[in-house]
Amino acid sequence: MEQSYVIFSDISADIPADYAKEKDIRFISMRYSLGDEDRVCEGIEAEEILKRFYDGQRGGDLTRTSQISPQIYMDIFTPVLEEGKDILYLSLSSGLSSTYQSSCLAASQLGEKFPGRKIVCVDSLAATGGMGLLLEAAALNREQGMTVSENGKWLEENRLKVCHWFMVEDLMYLKRGGRVSAATAVVGSALNIKPVLKIEEDGTLKNFAKARGTKRALNSLVEYYAVASDKEPGERVYILHADSRDNADYLEEKVKEINPKCSVAKMMLSPIIGAHTGPGMCAVVHFGRRS
């Protein structure tokens, strides 16, 4: 019997918009800026909006994001609690953002006001399509009758099975975020070095390999997928790209050569994560065995 509670995530998650709408997965909006323009990302952005965002980056516009305050969570969660519904919230990794801590503060305060309701906050230790995979699983768990507490426990027990493999085109975006040093960014850019990154078990970002040139970097993502994936029929694989469709198409082709029966969700990266990775970023995300 399907349980009645609302699944939320912050909008740093990437998931097909039609799926999120069908399963009533709701989002906490986040603010970001493109040059001098402040924007609010309230849901999965249309591709034309995302393309303008990445074109702006290519044109030299600086991009930034802001954190979600506890008050924003309280404002969004309160009407749901007033309807008598519980809440399951999946946050961006605590290793990349303070959203999880803010949600827990809000949940603690709301718990005093609504003692009969449950707010289960889960640190995804993931990002972008990794959150999408977990949200899809959470929606299925709800349909199959898991309570909000059981679903939260399942997410915590399985979140480290999510593998993120990605590369970026421009090291300068990682430099601005403190992910690589200025010297590494300058030398790497001059030598056409593309870093290959993953998300660690503590939810932080790690630059663990490098390749010279985009094609070699893309092939590295495919190789890591091939090793880590169980290659089961129907395996869900997310391929994300920051306005780099040709490279995403190449990744999809190579992934399907390895597992012809996988199910690929291919989509553009949200501006919340793209603000820190820059245009051209590509990722392969799936459940598997981390290395």
Side-chain angles (χ1 to χ4, degrees), residues 8-17 20-21 25-77 89-103 105-106 123-124 126-132 135 164 166-180 185 197 199 203-205 238 240-245 248 267-283 285:
F8 277 94
S9 182
D10 47 83
I11 199 57
S12 57
D14 285 303
I15 188 170
K21 182 178 180 180
I25 295 171
R26 306 182 194 181
F27 297 99
I28 309 295
S29 60
M30 297 182 74
R31 303 189 69 88
Y32 69 97
S33 62
L34 177 65
D36 295 330
E37 182 182 355
D38 290 326
R39 300 181 177 182
V40 178
C41 185
E42 297 180 330
I44 306 301
E45 300 275 32
E47 285 203 2
E48 56 267 24
I49 294 176
L50 293 171
K51 181 161 181 53
R52 287 200 298 271
F53 175 81
Y54 291 113
D55 282 343
Q57 286 185 321
R58 293 187 180 100
D61 288 336
L62 294 179
T63 50
R64 300 180 181 85
T65 59
S66 60
Q67 299 291 343
I68 305 172
S69 69
Q71 187 61 51
I72 291 175
Y73 286 105
M74 294 177 69
D75 292 343
I76 293 175
F77 287 167
Y89 169 68
L90 183 76
S91 80
L92 176 62
S93 170
S94 61
L96 301 173
S97 168
S98 64
T99 54
Y100 175 65
Q101 291 86 343
S102 293
S103 70
L105 287 172
D123 179 358
S124 72
T128 179
M131 297 170 71
L135 288 169
H164 306 72
F166 64 101
M167 55 79 66
V168 298
E169 281 285 355
D170 189 344
L171 282 162
M172 292 303 176
Y173 286 90
L174 293 179
K175 180 191 77 69
R176 291 175 196 143
R179 303 300 180 186
V180 299
L197 306 102
I199 294 180
T204 59
L205 195 62
Y238 270 66
L240 295 310
H241 67 97
D243 195 25
S244 184
R245 183 171 296 279
M267 56 191 301
M268 288 179 72
L269 185 71
S270 80
I272 304 304
I273 301 298
H276 304 284
T277 62
M281 174 270 195
C282 285
V285 185

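Given the structure is predicted, the values throughout are model-derived calculations rather than measurements.
- Residues Ile272 and Tyr32 meet the side-chain proximity criterion, which asks for heavy atoms closer than 4.5 Å.
- Of all heavy-atom pairs between Cys282 and Ala248, the closest is SG-N, 4.4 Å.
- In this structure, Asp243 contributes its side chain and Tyr54 its backbone to no donor-acceptor pair below 3.5 Å.
- Not a single ring-ring contact (aromatic ring centres under 6.0 Å, His included) links Phe27 to another residue, sequence neighbours left out.
- Residue Ala275 comes nearest to Gln57 through the heavy atom pair CA-NE2, 3.7 Å, listed as atom of the first residue, atom of the second, then distance.
- Of the possible polar contacts, none joining the Thr128 side chain to the Ala13 backbone as a donor-acceptor pair under 3.5 Å is found.
- Residue Ile49 holds its CD1 atom at 7.5 Å from CZ of Arg39, rounded to the nearest 0.5 Å.
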* Check the pair Ser29 / Ile11 against side chain to side chain contact (heavy atoms under 4.5 Å, CB included), numbers first and verdict last. => CA-CA 6 Å; Ser29 60; Ile11 199 57; 5.6 Å; no
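- Using a distance-only test at 3.5 Å, with no hydrogens or angles considered, a donor-acceptor pair links the side chain of Ser9 to the main chain of Leu90.
- Contact record, Gly278 with Ala242: O-CB, 3.5 Å, taken as the closest heavy-atom pair.
- A side-chain N or O of Gln67 and one of Ser97 form a donor-acceptor pair less than 3.5 Å apart.
- When atom types are taken as modelled, the side chain of Asp10 and the backbone of Ile28 share no donor-acceptor pair closer than 3.5 angstrom.
- Asp55 has a carboxylate O that lies under 4.0 Å from a charged side-chain N of Arg58, or vice versa, which qualifies the two as a salt bridge.
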* Asked: Is there a side chain to side chain contact (heavy atoms under 4.5 Å, CB included) between Ser270 and Glu45 once you walk through the steps?
  -> CA-CA 7 Å; Ser270 80; Glu45 300 275 32; over 6 Å; no
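- With contacts defined as side-chain heavy-atom distances shorter than 4.5 Å, the pair Leu240/Met267 qualifies.
- Looking only at side-chain heavy atoms (C-beta outward), Leu96 and Ile273 stay at 4.5 Å or farther from each other.
- For the pair Glu169/Pro279, no side-chain contact is recorded, criterion being any heavy-atom separation below 4.5 Å from C-beta on.
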* To do: Kindly indicate, with the supporting measurements, whether the criterion side chain to side chain contact (heavy atoms under 4.5 Å, CB included) is fulfilled by Met268 and His241.
  => CA-CA 5 Å; Met268 288 179 72; His241 67 97; 3.3 Å; yes
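- At a threshold of 4.0 Å, the pair Glu47-Arg245 counts as salt-bridged, since one of the basic side-chain nitrogens sits closer than that to a carboxylate oxygen.
- Listed by chain and number, the residues in a ring-ring contact (aromatic ring centres under 6.0 Å, His included) with Tyr89 are Tyr73 (sequence neighbours excluded).
- When all heavy atoms of Gly35 and Asp61 are compared, the closest pair comes out as N-CB, 3.8 Å.
- Only one option out of Leu205, Leu197, Val285 pairs with His164 in a side-chain contact (heavy atoms from CB on, under 4.5 Å); it is Val285.
- The shortest heavy-atom contact between Gly280 and Ser244 is CA-CB, 4.0 Å.
- Residues Ile15 and Gly132 come closest through the heavy atom pair CD1-O, 3.9 Å.
- Counting heavy atoms from C-beta outward, Thr65 and Met30 have side chains that stay 4.5 Å or more apart.
- No donor-acceptor distance shorter than 3.5 angstrom exists from the side chain of Ser91 to the backbone of Thr99, with no hydrogens or angles considered.
- Residue Ile44 holds its CD1 atom at 13.0 Å from NZ of Lys21, rounded to the nearest 0.5 Å.
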